[in-house]
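All residue numbers refer to positions in the sequence shown, counting from 1.
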Amino acid sequence: MNPIIAPSVLSADLSRLREQVEAALAGGAEWMHVDVMDGHFVPNLTFGAPMIRALRRITDCPIDVHLMVEHPERYIDDYAAAGANLFSFHPEATVHVQRHLAAVRERGMLAGLVLNPSTPLAMIEEVVPDLDLVLVMSVNPGFGGQSYLPGATDKIRRVRALLDARRSPARLEVDGGVTAANIAEVRAAGADTFVAGTAVFGAADVRTAVSELHRLCSARA
């Protein structure tokens, strides 16, 4: 699959949201990534559906929502109505995972599951046919600006092997500490979609930062 860069608005300057989003898109970003945290599943509190609506007024690009919340099924309708295109959640945060994946798709969104650093692949194996995306967390979720956990690379390889063995068309996304220094390694391990927060919105030139990430993950052998 062609690589996708999905800048995380968690790291954006919200007072300059339109300017920064437009610069990222001009640099080649395909998606915008929104981290939703409830202060319970993870120790932080961030955005809700209003952020999705705000982004939708700025751009018509796909909006990739990652819910780090308890009982994410409660928010499927709200995020679909707000304009989200992809809806990913953690299997530990709910029960009846397959039912909720089906509900996400029924609302016209793509459905994804998220693997924390300590979450085994067994948590997704039984529902691979129901997945449009698998998100591997390469940091422990809750805060932006963390460093990439080296053990994530092997996990990405194992997820890629699982998806390939099942002939799944699901995208393999990675989130956490993705930078210009490691994106080629992450791509070589099998990822095709890259969430980057600080590496994009913390850069002096957002447009150039996205372009460089694209260049590095597209130049692999």
**OP:** Could you name each residue pair satisfying ring pair (Phe, Tyr, Trp, His ring centres under 6.0 Å) that touches residues 80-115, not counting sequence neighbours?
**Re:** F41-H90, H66-H90

Original post:
So, R56 side chain and A82 main chain: donor-acceptor pair closer than 3.5 Å or not?
Top reply: no

**OP:** Verify side chain to side chain contact (heavy atoms under 4.5 Å, CB included) between L25 and E30, making sure each step is shown before the conclusion.
**Re:** CA-CA 7 Å; L25 294 172; E30 289 85 0; over 6 Å; no

**OP:** Find the distance between CD1 (I52) and CG (D78) and round it off to the nearest 0.5 Å.
**Re:** 11.0 Å

Original post:
For M1 and A170, which heavy atoms make the closest approach, and how far apart are they?
Top reply: CE-O, 3.8 Å

Would you list the atom pairs, donor with acceptor, under 3.5 Å between side chains in residues 110-131 and any protein atom, with sequence neighbours excluded?
residue : atom : partner : partner atom : Å
T119    : OG1  : E92     : OE2          : 2.4
T119    : OG1  : N116    : N            : 3.3
D130    : OD1  : Q98     : NE2          : 3.2

**OP:** Of all the heavy-atom pairs spanning P72 and T94, show the shortest one and how long it is.
**Re:** CD-CB, 3.9 Å

Subject >> Single hit among P62, S8, C61 for side chain to side chain contact (heavy atoms under 4.5 Å, CB included) with M32 >> reply: C61

Original post:
Does Y148 reach the main-chain N or O of T153 with its side chain, forming a donor-acceptor pair under 3.5 Å?
Top reply: yes

Subject >> Under the salt bridge (charged side-chain N to carboxylate O under 4.0 Å, His left out) test, residues paired with R105 that sit two or more places apart >> reply: D132

**OP:** Taking T193 for its side chain and I4 for its backbone only, find out whether a donor-acceptor pair lies under 3.5 Å.
**Re:** no

Original post:
If you count the non-hydrogen atoms of other residues, nucleotides and ligands that lie under 6.0 Å from CG in D154, is the total more than 12?
Top reply: yes

Subject >> OG1-CD distance between T179 and E185, expressed to the nearest 0.5 angstrom >> reply: 9.5 Å

Subject >> Test log, rule side chain to side chain contact (heavy atoms under 4.5 Å, CB included), inputs V65 and M109 >> reply: CA-CA 10 Å; V65 180; M109 297 182 289; over 6 Å; no

Original post:
Would you say M51 and L14 make side-chain contact, with heavy atoms under 4.5 Å?
Top reply: yes

Original post:
Of all heavy-atom pairs between A191 and I156, which one has the smallest distance, and what is that distance?
Top reply: N-CG2, 3.7 Å

Subject >> Transitive ILVMFWY side-chain link L149 to V178, under 4.5 Å >> reply: no

Original post:
Closest approach of A24 and P7, non-hydrogen atoms and distance?
Top reply: CB-CG, 4.0 Å

Original post:
What pair of heavy atoms forms the shortest contact from V210 to A29, and how long is it?
Top reply: CG1-N, 3.4 Å

**OP:** Search all heavy atoms of A199 against all heavy atoms of A209 and return the closest pair with its distance.
**Re:** O-CB, 3.5 Å

**OP:** Can you measure from CD (Q20) to OG (S15) and round to the nearest 0.5 angstrom?
**Re:** 8.0 Å

Original post:
Is the side chain of T46 donor-acceptor paired with the backbone N or O of D35 at a distance under 3.5 Å, no angle test?
Top reply: yes

**OP:** State the SG-CG distance between C217 and N182, to the nearest 0.5 angstrom.
**Re:** 11.0 Å

**OP:** Output, in order, the C-alpha distance, side-chain angles, deciding distance and verdict of side chain to side chain contact (heavy atoms under 4.5 Å, CB included) for V34 and Y79.
**Re:** CA-CA 11 Å; V34 179; Y79 282 89; 6.0 Å; no

Subject >> From I58 atom CD1 to R18 atom CZ, the distance as rounded to the nearest 0.5 Å >> reply: 5.0 Å

Original post:
Going through the distances and angles, do I183 and I5 end up as a side chain to side chain contact (heavy atoms under 4.5 Å, CB included)?
Top reply: CA-CA 10 Å; I183 194 169; I5 305 296; 4.0 Å; yes

Subject >> E173 vs D192 side-chain heavy atoms within contact, under 4.5 Å >> reply: no

Original post:
Is a side-chain donor or acceptor of H40 paired with a backbone partner of E70 at a separation under 3.5 angstrom?
Top reply: no

Original post:
What's the spacing between L172 CG and F194 CZ if we round to 0.5 Å?
Top reply: 8.5 Å

Original post:
Are V195 and L55 linked, directly or through other ILVMFWY residues, by side chains that come within less than 4.5 angstrom of each other?
Top reply: no

